[in-house]
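Here is the naming used below: chain letters follow the sequence lines, and residue numbers restart at 1 for every chain.
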2 protein chains.
Amino acid sequence: MAEIQSLAKGLKILNLLEHSRNGMGTTEVATQLEIDKSSASRLLHTLAKYGFVEQDQVTARYLLGPQLVTLGQHLLNRITLRDHARPYLHELVDKTGECAHLAILAQRQALYIDQVESTAALRVESEIGTLSPLYCTALGKILLAFGDSRIPDELTPFTHRTVTDRSTLEAQLAQTSKRGYAIDDEEYNYGVRCVAAPVYDHKSALVGAIGISGPAGRVTLERIDEFGAVVISIAAALSARLGYDLNLR
Amino acid sequence: MAEIQSLAKGLKILNLLEHSRNGMGTTEVATQLEIDKSSASRLLHTLAKYGFVEQDQVTARYLLGPQLVTLGQHLLNRITLRDHARPYLHELVDKTGECAHLAILAQRQALYIDQVESTAALRVESEIGTLSPLYCTALGKILLAFGDSRIPDELTPFTHRTVTDRSTLEAQLAQTSKRGYAIDDEEYNYGVRCVAAPVYDHKSALVGAIGISGPAGRVTLERIDEFGAVVISIAAALSARLGYDLNLR
DNA sequence: ACGCATGTTGCGTATTATGCAACTTATGTT
DNA sequence: AACATAAGTTGCATAATACGCAACATGCGT
């Protein structure tokens, strides 16, 4: 279906602004989108009128607006899985000493919807709200193996360990669903290993994935099975807890 | 300036979806915006393409999409005031036993960017991301009295205590800036009193407001001055903490 | 004060969003 | 099970409107 172009342009502007450190000016936006200054100006004004962007009082550059916080937070509040999962994330941190994460499938990617940091680890930038690829993260592989199993066409490498071969990945996914947990062995970030397991609702339908992630030095390959067992048991406990009252998808 | 209408329609759809419990269908959206089904269909597809809305797999109804979480969270992470303020919000809760909130000025409204709940109070729905009016909330009155002092044209009442008279409000604001803290005496929600104080950066420019809110039974008018003093002292401590390294607006 | 860069407004044109109607798909009813 | 009703999508001609150009306005640095 043909997209509404002026709406699409507006949405593209929002995505542009996400990646700019200190906001953008009209001309800068126009250049990036390859449109005229005047169009950029009018689009920005419309976005501003509805609170999706905001002009910095001092620099007059456009920044993402409060309406996005409002809508984003509103959506997070809807996702009751998150509320249920919180204590289990803490339990994961207690038992493993590593950071714990919760993700669901969204837009054919892994959407991180909550995290609990380990006390040991140095402060990590919040990952909540981040979309990550399915094929090279532990949480993502869970969502692929147990849920929507269509492997993306492009397997872009992030490290030299990223699996870019389709059949290798398929084998990994088969292994994952067999043993019940997934591994990311420095396939997305160097020096970081992750272990994840599936979370089910009462109908045994996949709703998300939880897991841990930590430095390769601590999360060694020898101890992977051990970590896997912990993650699986807690994921199972959470699934049981969700029982019959989960109203997520 | 004339707004880009098709962009505006798309943004309006996002706002509509915020207030729907279980998503909306194409026809429903079309009715609300008074446009044709076909237009609604095309707009929704465009929003979906960029992840701003998502179709429920089961019901096929449209919901707010993950991109909003991504962008909203991204914006929250930028706001360093929030990081600095967190311990002070906890301190407020410890000292008063009531819920603590942090807000900044956005879109001529009070944008709640963080909260810490009191252990005493029953679980309150998260207010983070909420936009509230300036003229009838304690945090808002602070932003009015110490920051942008233009009083809105319309003073819509929320309770019978809401101040709808312009000059009365002006007097209250004068009193507020004189004594250093603001009160919301059941002016926004029945049974809820709030007390708030201003947060400044190193240039003595207002950056936000923090305060507490609790049931009128506990936050009595006799103890208001006492609460005010606590809130002021913590707001001052936070302002001092912000010192010379705040990079917010 | 001057020049340069950025941002906004007016206007004619061409693109494109729109509404209608026909068609397709899903849902629920007797 | 067949029908009726509702919801959603597509094709198309028309009307609306978004667009780019150019002129104007504003702000910044030298």
Side-chain angles (χ1 to χ4, degrees), chain A residues 1-17 19-65 107-108 203 205 247 249, chain B residues 1-17 19-65 107-108 203 205 247 249:
Chain A
M1 171 174 306
E3 68 181 25
I4 304 293
Q5 300 185 24
S6 27
L7 172 55
K9 279 173 208 154
L11 302 179
K12 281 175 188 165
I13 289 177
L14 296 177
N15 287 333
L16 270 183
L17 288 178
H19 301 294
S20 78
R21 192 98 206 68
N22 297 312
M24 295 175 77
T26 306
T27 309
E28 203 172 343
V29 169
T31 311
Q32 292 278 340
L33 290 188
E34 297 182 347
I35 57 177
D36 193 81
K37 288 187 302 178
S38 62
S39 295
S41 173
R42 288 184 264 245
L43 289 165
L44 283 164
H45 273 273
T46 305
L47 288 167
K49 178 172 175 182
Y50 291 89
F52 286 78
V53 303
E54 196 176 25
Q55 274 198 74
D56 187 300
Q57 303 283 345
V58 183
T59 64
R61 293 167 74 79
Y62 288 94
L63 305 163
L64 293 178
Q107 294 284 111
R108 319 214 94 251
K203 290 176 183 165
N247 64 353
R249 59 195 62 224
Chain B
M1 172 175 305
E3 67 181 26
I4 304 293
Q5 300 185 21
S6 24
L7 172 56
K9 278 172 205 153
L11 302 180
K12 281 176 189 164
I13 289 177
L14 295 177
N15 288 333
L16 271 182
L17 289 177
H19 300 293
S20 78
R21 194 100 204 67
N22 297 311
M24 295 175 77
T26 305
T27 309
E28 202 172 342
V29 169
T31 311
Q32 292 279 338
L33 290 188
E34 298 182 346
I35 58 177
D36 194 80
K37 286 189 301 180
S38 62
S39 294
S41 174
R42 288 183 266 243
L43 289 164
L44 284 165
H45 274 272
T46 305
L47 287 167
K49 179 173 175 183
Y50 291 90
F52 287 78
V53 304
E54 197 175 26
Q55 273 199 74
D56 187 300
Q57 304 284 345
V58 182
T59 64
R61 294 167 73 79
Y62 288 94
L63 305 163
L64 293 178
Q107 294 284 111
R108 320 212 93 250
K203 290 176 184 166
N247 63 353
R249 69 192 53 224

When rounded to whole Å, the CD to P distance for the pair B:Gln5 and C:dG19 reads 11 Å
Rounded to whole Å, CD of B:Glu28 lies from C1' of D:dA6 at a distance of 13 Å
note: A:Gln55, atom CD; D:dG27, atom C1'; distance rounded to Å ~ 14 Å
A:His45 NE2 to D:dT17 P, in whole Å, measures 20 Å
From CG of B:Leu43 across to C1' of C:dT18 the rounded distance in Å is 10 Å
* Asked: OP1, OP2 of C:dG7 versus side-chain N and O of A:Thr27: anything below 4.0 Å?
  -> yes
Side chains of B:Phe52 and A:Leu14, heavy atoms from C-beta outward: is any pair under 4.5 Å?
yes
*Does one side chain, of B:Ser6 or A:Ser6, offer a donor that lies under 3.5 Å from an acceptor on the other?*
yes
Practice task
Identify whether any heavy atom of B:Glu34 sits under 4.0 Å from a base atom; if not, whether one sits that close to sugar-phosphate; answer base, sugar-phosphate or nothing.
Solution key: nothing
*Would you say the base of D:dG8 and the side-chain of B:Arg42 have a donor-acceptor pair closer than 3.5 Å?*
no
Would you say A:Lys9 reaches D:dC19's phosphate, i.e. side-chain N/O to OP1/OP2 under 4.0 Å?
yes
Exactly one of A:Leu44, A:Ile35, A:Leu64 clears side-chain contact (heavy atoms from CB on, under 4.5 Å) with A:Ile13, and that residue is A:Leu44
To the nearest angstrom, the CZ-C1' distance between B:Arg61 and C:dT27 comes to 14 Å
Rounded to whole Å, CD1 of A:Ile35 lies from P of D:dC21 at a distance of 12 Å
Between B:Asp36 and A:Asp36, whichever has its closest DNA chain C nucleotide further toward 5' is A:Asp36
Taking OP1 and OP2 of C:dT8, is either one under 4.0 Å from a side-chain nitrogen or oxygen of A:Thr26?
yes
Nearest-nucleotide check on DNA chain C, A:Gly25 vs A:Ile4; residue mapping nearer the 5' end is A:Gly25
Here the distance between atom C1' of C:dG7 and atom CG of A:Leu47, to the nearest Å, is 16 Å
task: Indicate whether OP1 or OP2 belonging to D:dA18 is found under 4.0 Å from a side-chain N or O atom of B:Ser6.
output: yes
Using only side-chain N and O atoms of B:Ser39, determine if any of them is under 4.0 Å from OP1 or OP2 of C:dG19.
yes
Out of C:dT16, D:dT17, C:dT8, minimum distance to the side chain of A:Lys37 belongs to C:dT8
Closest non-hydrogen contact found for B:Gln32 with B:Leu16 is CB-CD1, 3.6 Å
Check: Are the side chain of B:Thr46 and the backbone N or O of A:Ile4 linked by a donor-acceptor pair below 3.5 Å?
Finding: yes
